[in-house]
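Beneath this line is the structure, given in structure tokens, with notes to follow.
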Amino acid sequence: MPDSHDTTNLFDARGAANPLDILKRVYGFSAFRGQQQSVVEHVVAGGDAVVLFPTGAGKSLCFQIPALCRKGVGIVVSPLIALMRDQVEALKQVGVRAAALNSSLTREEAVAIRRALSRGELDLLYVTPERAVTDGFAEMAADIDIALFAIDEAHCVSQWGHDFRPEYRGLDCLASRFPGVPRIALTATADPHTRDDIIERLALNGARVFTSSFDRPNIAYEIVERDQPRQQLLRFLSRFKDASGIVYCLSRAKVEETADWLNAQGIRALPYHAGMDRALRDAHQDAFLKEENLCLVATVAFGMGIDKPDVRYVAHLDLPGSVEAYYQETGRAGRDGLPSEVWMAYGMADVIQRRRMIDEGGSPEEIKRIERAKLNALLAICETAGCRRQAILAHFGEAHPGRCGHCDTCLKPVETWDGTEAAIKALAAVYRTGERFGTGHVVDVLIGTVNEKTERFGHVNMPVFGAGKELPARTWQSVFRQLLALGLISVDHAAFGALKLEPEARVVFRRERQLFFRKDRPASGKAARGQKSAGARQRSELAGSDLELFERLRSERLSIARDLDVPPYVVFPDTTLIALAKQRPRDFDDLLEIPGVGESKRERYGEAFLAVIDAFEDGG
Ligand code: ADP
Ligand code: ZN
């Protein structure tokens, strides 16, 4: 294994190295993707940039390559110490001289890094935002050449977003302390508020803004009505063999229970939430990164900055906080561009719970209004009868023609029905019973259930009693959920979940607004049937012996990764193994044609993987 001083050889010709050359020799890719090249050229030339690309678009190269092209070290501001190690390791693997300066280092390690820095022996240095704004850092940096500052996860500067980190607010000082050093801020958050905050808070007014489509074409979307959540989850997970993914739950208790239950069902699952002991939590995160077949059950505390490229699925057992949060959380799937699936089960209880959390939360009324609007936007996506992808992208102001063919509503169109009359009956039942009762009771009144409660309140004698008996209770539940999503009714938590009419309901009463509802699917989960599993689809790119070879390459990768104590994808991503299995290179020259094989990795692993291919070709 070459040690670190060998890696300098790669850049002996740095003066002459151009971005494309570095892309090929270091990273093993033959072409830039999308706007990568424009960003790289802009920053190499000394310009500031704000880069808004979705997860998996390849933001890292947008700052790494300019850092390698320019004189001096690139400083990368990144929020999570726990993940710096893997990022640095991945860079070392491709021969880049990288280090992370943070509080987890021993004194000796920190001294060694400072020494390397002052000698100009580092290409990239990762630091936390807290450190980047200290005087100590400024003093240290004053004596060295700095190629650029990259501010990763830049949306953390915005209070509007969901990952607000006050430490990011101080980073505007980099502009005044280091005039002339280009700064590049990167995020996968798409909404205009966050973008404006980044520009303003980080003093990037003169920066060029690069945006790309936020569509994630390799992600399949599915949202189902919650019925038997655990069984539904199990059915979803059964589509994935030998794959890792994330299951999000709202509460810590639910995370623990769900993980226990999955283990009892024979699915290897680990919990992750902020209430856990730190060491255990880090251990679970580490296992998730390094193992190839693990389900991580987590609260939203998990995920930011996770670079794991082969997350094959993300499931939500509870409604996320907003469309932005949903997009971010589901976006953790399929960073490598291979087929991945995201799934959510939601029901009326979610809507009521989220509304309560907002209403009873400590935020000022103005913020609550924003939160309610955000929730409604998400509900609209849950209840849409149209293409989910189109609805999600529309939320970010991006037009999509719809019919993506890769979401549940496109794969199996939902029927709609004219629910105007039903809505009038439902609203009337709420009104006539005095806006004092929750969904369960109002549905009982509509379908004419004689029970203690309907009798005690005299509801059995009202005209609305049984007025809706032509529809089953389940359909009425769905009607109320959609009325809530449409903002025609609200839930009063102070009155134990009583349904109330919203002013807009009047328009429906007057028949001035026609309503179309989604027809809920039968609760059998049949929608999933006929869909190929992501694992199967990924490998369907590979047939017969290619697939067999892929599995052997995979086990070689795993054993190398275990020896090095790094995640398997740090050795090679799946995309590289797939190309190896298909193209079957026989020598070192052929190897460089494989995407993801640069000079350094060829040195390190070329022989081992060629040996696997040789043995396979020789019928071994
Ligand atoms: P982001 O930070 O935008 O989520 P990454 O930088 O992690 O994305 O890149 C996602 C994946 O795409 C990585 O596996 C990376 O190696 C790969 N990638 C990036 N740029 C290219 C390219 N030009 N050609 C091929 N693969 C690329
Ligand atoms: Zn669609």
Side-chain angles (χ1 to χ4, degrees), residues 19-20 22-24 26-40 51-65 76 78 83 86-87 90-91 93-94 96 150-155 184-190 210-223 303-311 327-328 331-338 340-342 381 384-394 400-414 567-579 594-598 601:
L20 198 60
I22 291 181
L23 181 70
K24 179 75 201 149
V26 179
Y27 297 93
F29 299 136
S30 50
F32 280 108
R33 255 193 207 157
Q35 298 183 80
Q36 274 178 334
Q37 187 164 5
S38 315
V39 180
V40 167
V51 173
L52 309 156
F53 294 171
T55 303
K59 286 185 288 300
S60 319
L61 297 190
C62 292
F63 62 83
Q64 290 177 4
I65 292 182
V76 186
S78 169
L83 297 170
D86 286 340
Q87 285 161 352
L91 282 163
Q93 292 287 323
V94 294
V96 173
I151 301 164
D152 209 1
E153 311 286 355
H155 61 279
I184 168 170
L186 310 103
T187 178
T189 301
F210 296 86
T211 38
S212 68
S213 166
F214 269 75
D215 188 16
R216 301 286 313 279
N218 60 316
I219 295 184
Y221 295 92
E222 182 175 8
I223 301 177
M304 193 183 46
I306 295 285
D307 280 345
K308 185 177 171 63
D310 52 356
V311 174
Y327 180 83
Q328 287 291 319
R332 288 170 188 142
R335 194 184 269 261
D336 56 11
L338 293 171
S340 307
E341 295 179 39
V342 303
I381 288 172
T384 184
C387 173
R388 306 266 190 216
R389 189 179 311 275
Q390 182 182 38
I392 293 165
L393 291 172
H400 184 283
R403 296 177 189 247
C404 74
H406 208 31
C407 73
D408 59 336
T409 45
C410 283
L411 286 170
K412 195 163 184 287
V414 263
Y569 57 80
V570 167
V571 177
F572 280 132
D574 284 357
T575 41
T576 299
L577 296 195
I578 290 172
I594 303 292
V597 185
K601 283 197 176 174

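Order of listing sets the numbers, starting from 1, for every ligand and every atom in it.
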Exercise for review: Could you tell me which residues satisfy salt bridge (charged side-chain N to carboxylate O under 4.0 Å, His left out) with Asp307, sequence neighbours excluded, listed by chain and number?
Suggested key: Arg335

Element-labelled atoms of ligand 1 that are located less than 4.0 Å from some non-hydrogen atom of [X]:
{"X": "Pro54", "answer": "3 (O)"}
{"X": "Ser60", "answer": "2 (O), 5 (P), 6 (O), 7 (O)"}
{"X": "Gly56", "answer": "1 (P), 3 (O), 4 (O), 8 (O), 10 (C)"}

If you measure every N or O of [X] against every N or O of ligand 1, does any of those distances drop under 3.5 Å?
{"X": "Pro309", "result": "no"}
{"X": "Thr55", "result": "no"}
{"X": "Leu61", "result": "no"}
{"X": "Asp336", "result": "no"}
{"X": "Phe32", "result": "no"}

Does the [X] side chain pair with the main chain of [Y], one donor and one acceptor, at a distance under 3.5 Å?
{"X": "Arg389", "Y": "Cys404", "answer": "no"}
{"X": "Thr409", "Y": "Gly386", "answer": "yes"}
{"X": "Arg216", "Y": "Gly334", "answer": "yes"}
{"X": "Gln390", "Y": "His400", "answer": "yes"}
{"X": "Arg332", "Y": "Ile306", "answer": "no"}
{"X": "Lys601", "Y": "Tyr27", "answer": "no"}
{"X": "Arg388", "Y": "Ile381", "answer": "yes"}
{"X": "Tyr327", "Y": "Phe214", "answer": "yes"}
{"X": "Gln328", "Y": "Ala188", "answer": "yes"}
{"X": "Glu153", "Y": "Met304", "answer": "no"}

Practice item. State whether any protein heavy atom lies less than 4.0 Å from atom 14 (O) of ligand 1. Key: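 No, there is none.
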
Exercise for review: Determine whether any heavy atom of Ala31 lies closer than 4.0 Å to an atom of ligand 1.
Suggested key: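 Under 4.0 Å: yes for Ala31.
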
Closest protein heavy atom to [atom], given as residue, atom name and distance to 0.1 Å:
{"atom": "atom 20 (N) of ligand 1", "answer": "Gln36 NE2, 2.9 Å"}
{"atom": "atom 9 (O) of ligand 1", "answer": "Gly58 CA, 3.4 Å"}
{"atom": "atom 2 (O) of ligand 1", "answer": "Arg335 NH1, 3.3 Å"}
{"atom": "atom 12 (O) of ligand 1", "answer": "Arg33 NH1, 3.2 Å"}

Exercise for review: Answer yes or no: is there a side-chain heavy-atom contact under 4.5 Å between Thr576 and Val597?
Suggested key: yes

Check your understanding: Heavy-atom distance under 4.5 Å between the side chains of Cys62 and Phe210, does that happen here?
Key -> no

Study note, to complete from the structure: Count of protein N, O or S atoms below 2.8 Å from the Zn ion (ligand 2) equals 4

Exercise for review: With heavy atoms only and a cut-off of under 4.0 Å, state how Ala188 meets ligand 1: side chain, backbone, both or neither.
Suggested key: neither

Check your understanding: Of the choices Phe53, Tyr27, Phe29, Phe572, which has the non-hydrogen atom that lies closest to atom 16 (O) of ligand 1?
Key -> Phe29

Point to revise | Passing option when Val51 is tested against Thr187, Thr211, Ile184 for side chain to side chain contact (heavy atoms under 4.5 Å, CB included) | key: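 The passing option is Ile184.
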
